[in-house]
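First listed ligand is number 1; within each ligand, the first listed atom is number 1.
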Amino acid sequence: MTLQLDTLFINANLATMNLDIDAPYGAVKDGAIGVRDGRIVWLGKMADLPENICQKKNTWDCQGDWVTPGLVDCHTHLVFGGNRAQEFEQRLNGVSYADIAKAGGGILSTVKATRALGADDLYQDTSTRLIDFLYQGVTTIEVKSGYGLDIPTEIKMLEVARKLTEDHVRVCTTFLGAHALPPEYKDRPEDYIDLVCNEMIPKIAELGLADAVDGFCENIAFSPAQIKRVFKAAKKYGLPVKLHAEQLSNQGGAKLAAEFSALSADHLEYIDEDGVKSMADAGMVAVLLPGAFYTLKETQKPPIDLFRKHGVPMALATDCNPGSSPITSPLIILNMACILFGFTPEEALAGMTREGAKALGLGDIIGTLEIGKSADLAIWAIEHPAELSYWVGDIANVDRFFKGVSYE
Ligand code: DI6
Ligand code: FE
């Protein structure tokens, strides 16, 4: 039998992250990967490569480099106008993140800047930021709206996010209309939630611009009852949900998300065991965001022992945004997860590959190196996969191999 391939990767150490392979990192040393039509069709030891291989394109000699699944950043707010360096300065002078938000700064200052930018400029700014992620091995990125808070700007943000696929990356878009209360709706949160549920979600669903719906459940944002309305509307249009929950206080958001079979609940510093159990029962992913924890100088860590105990998968993401996580380096997030939250380097890499994929509902397509999955690969000039969490700063060379356009 002849193995038909487009591309063959040889002399690679594979961190497959496949739990069925009983070795740290699901490692296959001295391995090879065969790719056809953008999918992995052969994976194993060099010594086991079939003799008859018919290749249309090229052989990529990895010379002992490590190959991992392409990184999956499953929570970002990559599309935004301006920046908030001055608020950063204010915070360092003692003003809290919550107080800045209450005074009309914070998210709302980014809303103003994002509304003011034309789609082309917004795309240019975002695409420039995206380069950092691509240079660090990201092949899939989730991008949220939520800095428009009116119909035209939310649409503009999601269209910009969709266009990023042209930059050779898999993009999942999330509608985050319930991020903050826009100034036009000051003191009228229920009216704004009406707009989100009755106009924004239907319009965005009709245009096919969002793969999921998110909300910010917090005392400085929306209550569980308001989020519930948003989730009901999302479900009506067949859109999966996820939630910013328990970031600054315990509102029971994760439990609410579980009731709607959410893909994930994100942040979770203040979640209790009850909340963790409901996530486990609903098969949800905990998306942990050490960049926001670090930037806001939080002291309460998410209860990672409880997630481990109840078997809740832990994903990691940059939460790249101009306020609480102005971070464009996924690898720094791996390091922060280890140092600040007590992840092992293997859990950290799993968090930004296998578990990140699950958090996007793409666990069958990406996230591990396995036959049948998409060939989204990152090839790293390192001697051990723990290096991905270990170095802080510019790490060794990485090559990306990515054939997908958007996910099927
Ligand atoms: N939680 C966060 O950390 C970001 N959004 C959210 O709901 C912060 C967004 C910002 O400050 O601009
Ligand atoms: Fe966020």
Give one line per pair: atom of ligand 1, protein atom, distance. Only N/O to N/O under 3.5 Å.
{"residue": "ligand 1", "atom": "1 (N)", "partner": "Q247", "partner atom": "OE1", "Å": "3.0"}
{"residue": "ligand 1", "atom": "3 (O)", "partner": "Q247", "partner atom": "NE2", "Å": "3.2"}
{"residue": "ligand 1", "atom": "3 (O)", "partner": "H267", "partner atom": "NE2", "Å": "3.4"}
{"residue": "ligand 1", "atom": "3 (O)", "partner": "D319", "partner atom": "OD2", "Å": "3.3"}
{"residue": "ligand 1", "atom": "3 (O)", "partner": "S324", "partner atom": "OG", "Å": "2.6"}
{"residue": "ligand 1", "atom": "5 (N)", "partner": "H179", "partner atom": "NE2", "Å": "2.9"}
{"residue": "ligand 1", "atom": "7 (O)", "partner": "H179", "partner atom": "NE2", "Å": "3.3"}
{"residue": "ligand 1", "atom": "11 (O)", "partner": "R84", "partner atom": "NH2", "Å": "2.7"}
{"residue": "ligand 1", "atom": "11 (O)", "partner": "Y97", "partner atom": "OH", "Å": "2.5"}
{"residue": "ligand 1", "atom": "12 (O)", "partner": "R84", "partner atom": "NH1", "Å": "2.9"}
{"residue": "ligand 1", "atom": "12 (O)", "partner": "R84", "partner atom": "NH2", "Å": "3.3"}
{"residue": "ligand 1", "atom": "12 (O)", "partner": "Y147", "partner atom": "OH", "Å": "2.6"}

Requested in this report: Hey, can you tell me if W66 and H384 have their rings parallel, tilted or perpendicular (30° and 60° cut-offs)?
Outcome: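 Because their plane-to-plane angle lies in the 30° to 60° range, the rings of W66 and H384 count as tilted.
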Query raised in the report: Do the rings of H244 and H77 sit parallel, tilted or perpendicular, given the 30° and 60° boundaries?
Result: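 Judged by the thresholds at 30° and 60°, the geometry between H244 and H77 is tilted.
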Report task. Answer yes if the side chains of S325 and D319 hold a donor-acceptor pair under 3.5 Å, and no otherwise. Result ->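 Result is no, nothing qualifies.
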Requested in this report: Would you give the length of the straight line joining atom CE of M314 to atom CZ of F307, rounded to the nearest 0.5 angstrom?
Outcome: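 M314 CE to F307 CZ: 8.0 Å, rounded to 0.5 Å.
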Query raised in the report: Between the side chain of E347 and the main-chain N/O of T344, is any donor-acceptor distance below 3.5 Å?
Result: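 Checked: pair present.
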Lys/Arg N to Asp/Glu carboxylate O, [X] vs [Y], below 4.0 Å:
X	Y	value
E159	R162	no
D305	R308	yes
E273	K255	no

**Report entry** Within-2.8 Å protein N/O/S contacts of the Fe ion (ligand 2)
**Finding:**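 You should have found H75 NE2, H77 NE2, H244 NE2, D319 OD1.
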Report task. For D266 and K242, run salt bridge (charged side-chain N to carboxylate O under 4.0 Å, His left out): C-alpha distance rounded to whole Å, both residues' side-chain angles, the deciding distance at 0.1 Å, then the answer. Result -> CA-CA 8 Å; D266 305 32; K242 52 176 90 171; over 6 Å; no
